[in-house]
Amino acid sequence: MRPSWDDYFLEIAVLVATRSTCLRRSVGAVIVKDKRILTTGYNGAPSGLAHCEEVGCIREQRKIPSGERHELCRGLHAEQNAILQAALYGVPIAGATLYCTTHPCVACAKMIINAGMKEVVIAASYPDELSASLLAEAGVTVRRLQYGAERPVHASGK
């Protein structure tokens with residue numbers, strides 16, 4: 001059966017996540033506008049730097065729980081890398097939709113808001129209430145897809 005556009009782009013995000021070099025969690029992101037892929041990103045160290053799979057995970061070594069102290073990490077998040085690719089290559093992403101394998105953290109949510117994206121479609125939740133709150137306040141719709149069926153996470157009234 002032919003997949004819906006949402007399933008198609010989210011499945012591509014899942015594939016993009018396989019490029020991740022993070023030892024804790026593989027995340028993939030795809031930025032789409034008008035049913036066209038603009039950029040992709042996965043979590044890993046900045047270009048040209050050693051990846052965690054080569055030098056170890058600072059967060060694991062220091063026993064930092066998931067969702068805390070994001071600054072103590074060699075890697076960038078998938079959403080950040082997708083947004084940075086757009087900036088690097090001059091691709092406008094205002095009004096776009098971000099497909100991501102997990103709900104964005106608060107740092108990524110703020111970047112999504114300021115980049116002017118209007119929607120985020122996710123495959124999995126992430127325990128960051130502030131992120132969800134900021135996205136809703138900014139009018140960014142977040143939808144979670146499960147098993148090919150759409151299920152709303154939150155939507156703004158704007």
Side-chain angles (χ1 to χ4, degrees), residues 5-6 8-52 57-59 64-145 150 152-158:
W5 285 109
D6 281 338
Y8 173 72
F9 292 125
L10 199 53
E11 189 65 31
I12 292 171
V14 169
L15 179 62
V16 170
T18 65
R19 293 280 307 150
S20 169
T21 58
C22 180
L23 299 175
R24 287 181 140 194
R25 177 190 306 240
S26 295
V27 179
V30 178
I31 298 177
V32 174
K33 190 169 185 180
D34 299 326
K35 298 179 183 166
R36 300 287 178 249
I37 295 172
L38 302 178
T39 65
T40 65
Y42 53 87
N43 52 334
S47 297
L49 299 186
H51 293 282
C52 297
C57 176
I58 297 167
R59 296 172 59 78
I64 299 168
S66 179
E68 296 179 17
R69 305 290 314 267
H70 293 285
E71 75 278 8
L72 294 177
C73 179
R74 294 183 68 80
L76 292 156
H77 290 183
E79 305 94 321
Q80 294 168 337
N81 272 323
I83 292 168
L84 289 168
Q85 287 299 305
L88 184 63
Y89 293 104
V91 177
I93 57 175
T97 297
L98 176 83
Y99 289 84
C100 194
T101 57
T102 190
H103 192 287
C105 72
V106 68
C108 291
K110 291 186 277 188
M111 292 178 71
I112 289 164
I113 292 164
N114 272 9
M117 287 188 266
K118 297 300 178 198
E119 183 177 38
V120 177
V121 179
I122 60 171
S125 62
Y126 183 75
D128 192 329
E129 291 179 22
L130 181 56
S131 170
S133 174
L134 292 177
L135 288 166
E137 182 181 342
V140 177
T141 300
V142 176
R143 293 184 291 124
R144 181 173 177 184
L145 296 185
E150 195 171 302
V153 174
H154 74 262
S156 71
K158 297 179 183 181

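Counting heavy atoms from C-beta on, the side chains of C52 and L23 come closer than 4.5 Å. Under the 4.5 Å side-chain criterion, counting only non-hydrogen atoms from C-beta, I113 is in contact with L135. By the 4.5 Å heavy-atom criterion applied to side chains, V120 and Y99 are not counted as neighbours. Two residues are said to be in side-chain contact when any heavy atoms from C-beta on lie closer than 4.5 Å; I112 and I83 meet this criterion. Residues C108 and L98 fail the side-chain proximity criterion, which asks for heavy atoms closer than 4.5 Å. The closest side-chain heavy-atom distance from Y126 to C105 is below 4.5 Å. Using a 4.5 Å heavy-atom threshold, the side chains of E79 and I31 count as separate.
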Q.
With side chain to side chain contact (heavy atoms under 4.5 Å, CB included) as the criterion, how do K110 and L134 come out once you've worked through the C-alpha distance, each side chain's angles and the decisive distance to 0.1 Å?
A. CA-CA 8 Å; K110 291 186 277 188; L134 292 177; 4.0 Å; yes
Q: Tell me, with the steps shown, if Q85 and T39 meet side-chain hydrogen bond (donor to acceptor under 3.5 Å, both in side chains).
A: CA-CA 6 Å; Q85 287 299 305; T39 65; over 6 Å; no
Q: Quick one: do T141 and K118 satisfy side chain to side chain contact (heavy atoms under 4.5 Å, CB included)? Show the steps, please.
A: CA-CA 6 Å; T141 300; K118 297 300 178 198; over 6 Å; no
Q.
Is there a side chain to side chain contact (heavy atoms under 4.5 Å, CB included) between C100 and V27? Walk through the geometry before answering.
A. CA-CA 7 Å; C100 194; V27 179; 3.7 Å; yes
**Q.** Evaluation steps, side chain to side chain contact (heavy atoms under 4.5 Å, CB included), between Y42 and H77
**A.** CA-CA 7 Å; Y42 53 87; H77 290 183; over 6 Å; no
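Within the 3.5 Å criterion, the main-chain N or O of R24 finds no donor-acceptor partner in the side chain of R59. With S26 contributing its side chain and S20 its backbone, the two residues share no donor-acceptor pair below 3.5 Å.
Annotation for Y8: atom OH does not count as buried by contact number, only 12 or fewer foreign heavy atoms lying within 6.0 Å. Heavy atoms from other residues, nucleotides or ligands lying under 6.0 Å from CZ of R19 number 12 at most.
Within the structure, salt bridge (Lys or Arg N to Asp or Glu O under 4.0 Å) pairs that include any residue of residues 30-50 do not occur (at least two apart or interchain).
Between A109 and S131, the shortest heavy-atom contact is CB-OG, 3.4 Å. A pairwise comparison of heavy atoms in A45 and T21 identifies N-OG1, 4.0 Å as the closest pair. Looking at every heavy atom in both residues, A107 comes nearest to Q80 through CB-NE2, 4.3 Å. Here the shortest heavy-atom pairing between A96 and L38 reads CB-CD1, 4.4 Å. A17 and G28 make their closest contact through CB-N, 3.3 Å (heavy atoms, listed as atom of the first residue, atom of the second, distance). For the residue pair N81 and G41, the shortest heavy atom distance occurs at CB-CA, 4.0 Å.
None of V14, V16, N43, L15 except one satisfies the side-chain contact (heavy atoms from CB on, under 4.5 Å) rule with T101; the exception is V14. Tested against F9 for a side-chain contact (heavy atoms from CB on, under 4.5 Å), the candidates T97, I37, L145 yield a single pass: I37.
Atom CG of D6 sits about 7.0 Å away from atom CD of E119, to the nearest 0.5 Å. Atom NE2 of H51 and atom SG of C22 lie 11.5 Å apart (nearest 0.5 Å).
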